Amino acid sequence: MLELSNVRKRFGDREVLRGIDLKVEDGDVVALIGPSGSGKTTLLRCANFLERADEGTMVFRGETYDLPKTSRRDIRRMRQHTGFVFQSYNLFANRTALGNVTEGLVVARKMRKAEAADRAMEALRRVGLADWASHYPSQLSGGQQQRVAIARAIALEPDIIFFDEPTSALDPELIGEVLGVMRDLAESGMTMLVVTHEMTFAREVSNRVVFMEDGQIVEERRSRKFFKNPHTERARQFLRAIGERE
Amino acid sequence: MDERLWGIVEKALKDIVEKGLPTTMLLTVVSFAIALVIATLVALVQHARLPVLTQLSRFYIWLIRGTPLLVQLLVVYYALPAIGIVIDAVPAAIIAFSINEGAYCSETMRAALESVPVGQTEAGLCVGMSYTKVMLRIVIPQALRTAVPNLFNSLISMVKDTSLVSNITVVDMFMITKRHVGRTYEFLTLYVLLALLYLAISTLMTMLQRLAERFLNRNVGREVKKIA
């Protein structure tokens, strides 16, 4: 489904990604974890061209993209089949919840407005916000905004959705509703690549854990095995530090 | 007020409103419209960090903001003919005002564009929209809302600055008043009258600003308490 090879990225003197290879299969829910500054978010952003990798290739839907050289047209074509959910929601402030979801359908997909509205309402229903369709982002709680953002992503019927710490900006009592929506999504078979600090999600929802540190993948295993018995010492330390292990 | 003075005021007022006001309004409206186009383009160039054009934009702003408007007017009208470019007084005034105001407004527009969180641009790109579409549909409408108060500041300032055009032979409200003063020596009355006319125009523009703000805010929900 999606395969990244030898992705490298530096910001000034700092090498943030040091040759990442990552494969995501159809229906995979991959949790990308690791300490702050390990490059998880940058990797996600490089995969969707929000950052330009300095080196590396990506195979997606059978097409190979040379990450540093991909043209703007190819980027837009690639984005037609991916969704992205941001840490800070990034809803369009001048659009209602419904408008946020229809915008991409109408403008990028050239869908007719009525059809887009139907599809958008269906997406909002899936995240439990059909009753909030006519509200503006400023009238919604953080959790609701993030659910609208997820609806915006799923309405495009992408092959994969990237999540960049989707619950990190939320008040603790709002995290559950967003994770609930993500769990439903995972169970429906959606392919997801999720940067997260939510170990409950990584353990219970994702089927694979990728543990990163210092711009490299240190360990990559099935979630259950990873949490039960991490292979590397670094992963064990990390899990201890966040209280996931004695 | 005695009858003589009343007669002078009546005559001057008629002259100013009939002959001067249209020129002042023409200069203001046309120049400001062109200035807005310049400002938006110059701001977008910088916002998108286009190479070369960004440097050119900064140079333009530096040059125009660093020199007096009056000098710019005189250059366009009196100095350009020396190198073979002859422009009539009114078009010359419009050119000078547009270029001048464009520089100031472009900074207003740039600040306003930057006030829209970059995340919204990224989100727009991620749903497959082009950069241009994201700008037109998401960023610029929100930026305008922020820019309006400052843009009206510039507009109101410009109405009054148009009185400088008497220096390049354009007959505007100020020029006509000056002529009446020259004939009648009624400095106090006639200049106060002129001031009141400028004040009236500014008041109208302030009202226009309210309408513009209401219009731009029409489809944004009011901040309400977070429904946690």
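Reminder, nothing fancy here: chain letters follow the sequence lines and each chain counts from 1. These figures come from a predicted structure and were not determined experimentally.
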The interface call for A:Phe86 against chain B, heavy-atom contacts under 4.5 Å, is side chain

- Message: So for atom CZ, which belongs to B:Arg210, do other residues, nucleotides or ligands contribute more than 12 heavy atoms lying within a distance under 6.0 Å?
- Response: no

- Message: Within the 4.5 Å heavy-atom criterion, are B:Met129 and A:Arg79 side-chain neighbours or not?
- Response: no

When the 4.5 angstrom heavy-atom criterion is applied to A:Leu105 and chain B, the contacting part is neither

Honestly, the part of A:Arg45 sitting under 4.5 Å from a heavy atom of chain B is side chain

Exercise. Does any N or O in the side chain of B:Gln120 come within less than 3.5 Å of the main-chain N or O of A:Ala93, such that one atom is a donor and the other an acceptor?
Worked result: yes

dist A:Phe84:CZ -> B:Glu122:CD (nearest 0.5 Å) comes out at 7.5 Å

In short, A:Arg152 meets B:Ala123 closest at the heavy-atom pair NH2-CB, 3.3 Å

Under 4.5 Å to a heavy atom of chain A? For B:Ser130 that would be both

B:Pro117 side chain near A:Asn90 side chain, heavy-atom distance below 4.5 Å: no

inquiry  = Quick check on B:Asp88: does its CG atom have over 12 non-hydrogen neighbours (other residues, nucleotides or ligands) under 6.0 Å away?
reply    = no

- Side-chain contact, heavy-atom cut-off 4.5 Å: B:Cys126 with A:Asn48? yes

Between A:Asn94 and B:Ile138 the two heavy atoms that sit nearest each other are ND2-O, 3.6 Å

